[in-house]
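Worth saying up front: this structure is predicted, and the values here are computed from it rather than measured.
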Amino acid sequence: IGVLPPHVFAVSDRAYRLMKAEKHSQAVLISGESGAGKTETSKLVMKYLAAVAGKGIDGGMEGKIIQSNPILEAFGNAKTLRNNNSSRFGKFTQIHFDTHTYVVNGASIVTY
């Protein structure tokens with residue numbers, strides 16, 4: 001992260017590395033207007049964390065977290081002028097890591 005605009009993988013990597021180095025929880029806030037790509041950006045963050053903190057997106061807990069996202073998107077979405085699949089709710093996703101190995105060991109998603 002430097003003089004260029006933030007990149008989703010750079011932000012994700014920094015959060016993960018700071019969590020390991022400082023042994024403190026980290027947060028990535030994804031916001032924007034309708035159609036700005038918030039859902040797609042969230043997926044990229046989760047895929048990145050699954051790749052660096054686990055067995056990749058096809059195996060284990062990481063795969064289950066990634067695969068649950070389309071199911072959640074099916075509830076409460078509607079077509080708008082700017083977006084064919086606009087969410088009608090906010091979503092707070094927590095990805096839980098083992099405190100010793102920093103491997104993904106669970107997640108929780110709250111909609112509001």
*Using modelled atom types only, decide if a donor and an acceptor are shared between the side chain of Lys38 and the backbone of Ile30 within a distance under 3.5 Å.*
no
*asked:* Determine whether a donor-acceptor pair (N or O, by modelled atom type, separation under 3.5 Å) exists between the side chain of Tyr48 and the backbone of Val11.
replied: no
*Flag side-chain contact, heavy atom, 4.5 Å: Lys91 against Ile109*: yes
*Is the closest side-chain heavy-atom distance between Tyr102 and Lys23 below 4.5 Å?*
yes
*Which residues satisfy the side-chain contact (heavy atoms from CB on, under 4.5 Å) test with Leu44, sequence neighbours excluded?*
Val8, Phe9
Between [atom1] on residue [X] and [atom2] on residue [Y], distance to nearest 0.5 Å:
| X | Y | atom1 | atom2 | value |
| --- | --- | --- | --- | --- |
| Asp13 | His7 | CG | NE2 | 11.5 Å |
| Lys20 | Thr99 | NZ | OG1 | 13.0 Å |
| Leu49 | Met19 | CG | CE | 7.5 Å |

*Looking at Glu40 and Lys43, what are the two nearest heavy atoms and their distance?*
OE2-NZ, 3.0 Å
